[in-house]
Each structure stands twice: as C-alpha cells, then as structure tokens.
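Below is one structure; the comments refer to it alone.
Computed from heavy atoms alone, side chains included, the values below leave out hydrogens, waters and symmetry copies. Labels below follow one simple rule: chain letters A, B, ... track the order of the sequence lines, proteins then strands, and each chain is numbered from 1.
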Amino acid sequence: MHHIVLERWSRGASALHRLDPRAKIVPLLALLAALATARHALPEFSAAVFAMLCAALVAARIPLFAALARAALVLPFAVVFAAVCWLSGDPARGLALALKSYLSALAVLTVVATTPLPVLLRGLELLRVPLFLLTVAQFLYRYLFVISEEAQHMRKAAAARGTPARPLESAGARFRAAAGALAVLFARSYGRAQDVHRAMLARGFTGRLHPLFDLRFRPADAAFAALASLAPVAARLAIERIR
Amino acid sequence: MDVAAVPAVGYMVRRAQRGFDDAKVPLLGVMGAFVFAAQMINFPVGIGTTAHLLGGALLAYTLGPAAASVTMASILAIQALVFQDGGILALGPNMINMAVAGVLAGYLPFYLWGGGRWRRASIFAGGVLSALVSAVLALAELLISGVRMPLSILAVSLSLFLVAAVLEGAITVAVIGALEKIQPNFVRQPRQGRPFALGAAALAGLLLAAVGVLVAAAAPDGIQKLGIQTGIASRAQALFSTPFTGYQAAFLAAGWQRKTLGGLAGLALVYGACLLFGRAVARKRSA
C-alpha cells in the first residue's frame with residue numbers, strides 16, 4: 001500500500017525530523033492561516049511558500065519529486081471545482097482554489113513526512129486537542145491496515161469462488177452478497193476490537209495510552225518554531241507591500 | 001467553518017466520552033478502520049458501475065450517534081493527514097458536514113421510528129439523509145465561499161448527490177439486515193412509540209433547513225446581507241479567500257450562452273475526471 005512510503009519518510013534522521021512535533025505544528029498552522037486568507041498577489045506568495053516547503057523537504061532529505069507528486073493526490077477534487085470556476089468566467093478564483101489546496105496539502109505532507117504519527121499525535125495532545133479524539137485516531141491508524149487486509153482477503157476469497165468473473169446471479173443477489181460480506185467484515189472488526197480491548201485491560205489499560213518516548217521542548221525548538229511561523233507571514237507582508 | 005467545527009466536534013467528543021467509558025476507545029478506532037476497509041467492497045449498481053458505503057448512518061445505528069461522530073471525525077483527520085485526501089483547509093467544514101450534521105441527520109429517522117413498524121424505512125431514510133445532508137452542506141459552503149456554479153451544474157450535481165444518497169440508503173439497509181442476521185444485538189433498538197407527527201415535523205424542518213441553506217447560498221445577494229449581519233460569510237470566505245467585490249458585475253456580464261457552455265463543459269469535465277479516476281482506482285485494485 002502506498003502509505004508505507006510516508007511511514008518510511010517519517011523515520012528519517014534529519015534535523016527537521018528531530019524537532020519537537022509542537023515546533024512543527026505551530027508553524028504549520030501559521031502557514032495555513034496565512035495561505036487561507038491570502039488574497040492579493042497570490043501567485044507570488046504561492047511561489048514563495050512553494051520554495052520554502054521545497055527547501056524544508058530537501059533539508060529533511062525526503063525525495064522531492066515523490067513528495068510533490070504525493071501532495072498532488074489532493075488535486076482531483078479541487079481541480080474539478082477550479083475548472084468550474086474557470087469556465088464560468090473567473091479564472092483567478094479557480095487558480096486560487098487549486099493553488100491553495102495543493103500548497104496546504106504539501107505543507108501538511110512536509111510535517112507528516114518528518115514526524116512519525118504517534119509523535120505527531122502526542123504533539124497535538126500537548127497542544128490541547130481532545131485526547132479522546134486523538135486516541136481514537138491512533139487506534140484507527142493502527143488497525144487500518146489490519147482490517148483493510150482482511151477486506152482484501154475477503155475480496156480475494158470471493159474472486160476465487162468466481163464472484164466478479166461471471167455474474168451469473170442477478171444484480172439483486174450480488175448486491176445482497178456484498179452486503180453480507182460487509183456485515184461479516186463488521187462482525188469480525190467488532191470481535192477484533194473486543195479482543196484487543198480485553199488484551200489491553202489484561203495489561204492494565206486505564207483509558208490512556210502512555211507514549212514510550214519523552215518530548216522536550218528545547219530552546220532550539222522554540223527558535224525554529226518562532227522563525228518558521230514568522231517566515232510565511234513576513235513573506236506575505238513583503239510581497240503584498242511590493243505589489 | 002474551521003472556527004465552527006472546533007466547538008461542534010468538541011461537544012460530540014464530550015458526549016461520546018460521557019456515554020462511553022474511556023475503555024471503549026479501541027472499539028471506536030477499530031470501527032473507523034472498518035469504515036476505511038469497507039470502501040474496498042463494491043456493490044454492483046447498474047451496468048458496470050459500483051458504489052460503496054460511506055458509513056455515517058451505519059455507525060450511528062451500531063455505536064450510537066456521538067460515538068459515530070467521533071469515529072467519522074477521526075477518519076476525516078487521518079484521511080487529510082496521511083492520505084492527502086480531502087485537504088486540510090477543508091477539514092473543518094468536512095467535519096461539520098459529515099461527522100456532525102451527516103451522522104445526526106442519519107440518526108434522526110432511526111431514533112424516531114426505528115423501534116416500530118417503519119424500521120426498515122427509517123434505516124433507509126437515515127442512510128439517504130446522512131449522505132444528502134453532507135452533500136448539500138458541502139455544496140452550499142462552496143457557493144457561500146464564492147465558487148460560482150451555473151444553475152445547470154448545480155442541478156446536475158444535486159441529482160448526482162441524490163442518486164448517491166439513495167444508494168447509501170439501500171446499502172445501509174442491506175448491511176443492517178445482514179448484520180441483524182449474524183447477531184441481532186449489534187444494532188441499537190430505539191424506544192417504540194415516539195409520536196409520528198413530531199418526527200415528521202422534525203424531519204420536514206431538517207429538509208427545509210437544508211434546502212434553505214442551499215437556496216440562500218445560490219442567491220448571493222441574500223447571503224451577502226446575512227453574512228454581513230452574522231459574520232458567517234467572512235469566515236467562510238476566508239476558506240478560499242474570495243472577495244465578493246465585483247462578483248455580481250462579472251456574473252451579469254457573462255452571457256447565458258457562456259454560462260450554459262461553461263456548465264456543459266464543466267459537466268463533461270467532472271464526468272471525465274470521475275471516469276478516469278474510477279478506471280485508475282479499479283486498475284490499481286485489480287492489480
């Protein structure tokens with residue numbers, strides 16, 4: 001699956017990887033806010049943001065073109081609406097839509113590709129995002145691949161029994177068969193969740209996940225956070241002043 | 001919208017936390033993973049076309065609305081963070097549309113009539129509503145934020161959403177039916193005998209509100225006035241940052257032929273994009 005790429009990137013060892021997650025989340029928010037509210041001189045500002053993000057990716061030793069291509073995954077949806085704007089006589093708005101969605105995705109990708117997800121979620125927790133939501137998200141991510149694999153096995157098993165090859169049955173029967181497969185998948189997931197929960201209780205789970213790492217916000221982190229948060233804002237102010 | 005999403009999701013999280021002991025966390029997480037995986041199982045509809053489950057209503061019927069909201073919210077967050085799907089700027093509105101409004105709208109008919117004779121119908125209606133409300137809200141937000149859509153495109157996308165919503169309803173009914181055969185206590189049993197009229201009124205109100213939002217959004221004059229009064233528009237505008245200035249003039253200057261042409265071309269583009277995307281996904285999956 002394609003997620004593994006991101007997982008591998010996030011295990012790098014560059015200076016950017018070693019930063020405290022909070023020192024990356026705060027500048028990300030600043031960048032997103034600056035980007036979302038930018039109106040004048042958007043192409044120039046976008047170019048500046050793009051250059052900054054590319055520099056960060058290169059500094060983190062992440063393959064640049066692969067990262068750029070990955071961020072483009074966000075585009076299909078945005079481009080459709082951008083095209084609608086364009087065709088109904090407002091190319092600037094369409095361009096803004098596409099630029100903003102691509103750059104915001106690239107910014108998020110830069111942070112996620114330099115921070116392993118457990119560390120990132122821990123950073124969000126320390127920034128007061130509800131713990132319950134984060135824990136659920138962490139479990140979701142943990143079991144995503146397990147359950148997906150189970151679904152793939154079920155598809156394969158169905159294919160082995162000749163399901164997609166020749167639809168002898170009526171559409172209604174195949175619809176019911178798919179519903180049955182989904183219900184079985186639901187029951188298995190539910191059962192697995194209960195097993196996981198019992199196993200965790202047996203190991204002393206009290207409703208909190210304890211991270212096995214310690215986060216410390218060092219002066220270097222603070223300096224990076226301040227600089228990286230100010231950079232996009234300063235760039236935007238400068239560009240808008242020039243225009 | 002991001003600003004509005006924070007308290008709404010926060011409230012649902014609080015509700016879910018109260019309703020569940022913390023120990024239920026694994027259940028919500030694994031069921032979120034299930035919704036992801038459920039997209040791999042295709043339902044045949046028509047010739048060569050397939051659909052898949054969105055899951056909001058199904059989760060609400062099995063886990064309860066608050067827990068379903070939290071699960072959907074974390075699904076959306078993981079999608080935006082890890083899979084570059086949906087976009088981070090749209091995460092707030094998406095959470096409102098799908099995790100809060102979609103789940104609640106989907107649960108309403110079931111909550112009202114799920115215990116009585118209308119059980120199957122209410123499950124179906126819930127599935128339809130959950131998808132439809134999310135879609136209509138998303139469309140309205142796009143319109144409010146200044147994306148101009150010719151009426152033709154709006155009508156076509158609405159009817160496409162309607163078809164998708166009916167499919168979601170049908171799939172939800174089929175899956176719930178199969179689930180009840182496997183193990184009846186998976187699905188919640190709402191109390192019987194809620195007054196029919198009250199429920200119908202609530203539902204009608206919901207529909208009216210959805211339509212109202214859309215109409216208001218499609219008529220920019222009204223929403224602009226409303227937006228100035230409430231400050232909603234400025235917030236929504238910040239999303240895509242699209243000043244209203246010069247909006248109407250440009251709109252009027254564009255002749256109807258151009259609009260119609262734009263609409264048709266846009267439609268063809270949407271269709272082509274969907275087709276290509278579908279092909280690519282299908283090829284990847286069968287490989």
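- Enclosure of atom CZ in A:Arg11 by more than 12 non-hydrogen atoms of other residues, nucleotides or ligands within 6.0 angstrom is indicated.
- Residue pairs meeting the side chain to side chain donor-acceptor pair (under 3.5 Å) criterion with at least one partner in residues 171-181 of chain B, sequence neighbours excluded, are B:Arg119-B:Glu180.
- Counting heavy-atom pairs closer than 4.5 Å to chain B, the top-ranked of the candidates A:Leu134, A:Val146, A:Leu32, A:Val196 is A:Leu32.
- Across all non-hydrogen atoms, the minimal contact from A:Ala179 to B:Ala178 is O-CB, 4.0 Å.
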For residues 108-119 of chain A, which side-chain donor-acceptor pairs fall under 3.5 Å, sequence neighbours excluded?
residue, atom, partner, partner atom, Å
A:Thr110, OG1, A:Leu106, O, 2.7
A:Thr114, OG1, A:Thr110, O, 3.0
A:Thr114, OG1, A:Val111, O, 3.1
A:Thr115, OG1, A:Lys24, NZ, 3.1
A:Thr115, OG1, A:Val111, O, 2.8

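- Atoms CG and NE2, from B:Leu27 and A:His197 in turn, are 9.0 Å apart once rounded to the nearest 0.5 Å.
- Checking A:Arg192, A:Arg142, A:Met200 one by one against B:Pro26, the side-chain contact (heavy atoms from CB on, under 4.5 Å) holds for a single residue, A:Met200.
- Across all their heavy atoms, B:Ile182 and A:Ala187 have their closest contact at CG2-CB, 4.3 Å.
- Of the two parts of B:Ile78, only the side chain, counted from C-beta on, holds a non-hydrogen atom closer than 4.5 Å to a non-hydrogen atom of chain A.
- The two residues B:Val30 and A:Ser189 have their closest heavy-atom pair at CG1-O, 3.4 Å.
- Looking at B:Leu81, both its backbone and its side chain come within 4.5 Å of chain A, counting heavy atoms on both sides.
- Counting only heavy atoms from C-beta outward, the side chains of B:Phe36 and A:Leu140 approach each other to under 4.5 Å.
- The parts of B:Ile75 that come within reach of chain A are both its backbone and its side chain, each placing non-hydrogen atoms under 4.5 angstrom from that chain.
- Taking chain A as the reference chain and counting heavy-atom pairs below 4.5 Å, the highest number among B:Ala170, B:Ala77, B:Gly177 is found for B:Ala170.
- None of A:Phe186, A:Tyr143, A:Phe139 except one satisfies the ring-ring contact (aromatic ring centres under 6.0 Å, His included) rule with B:Phe34; the exception is A:Phe186.
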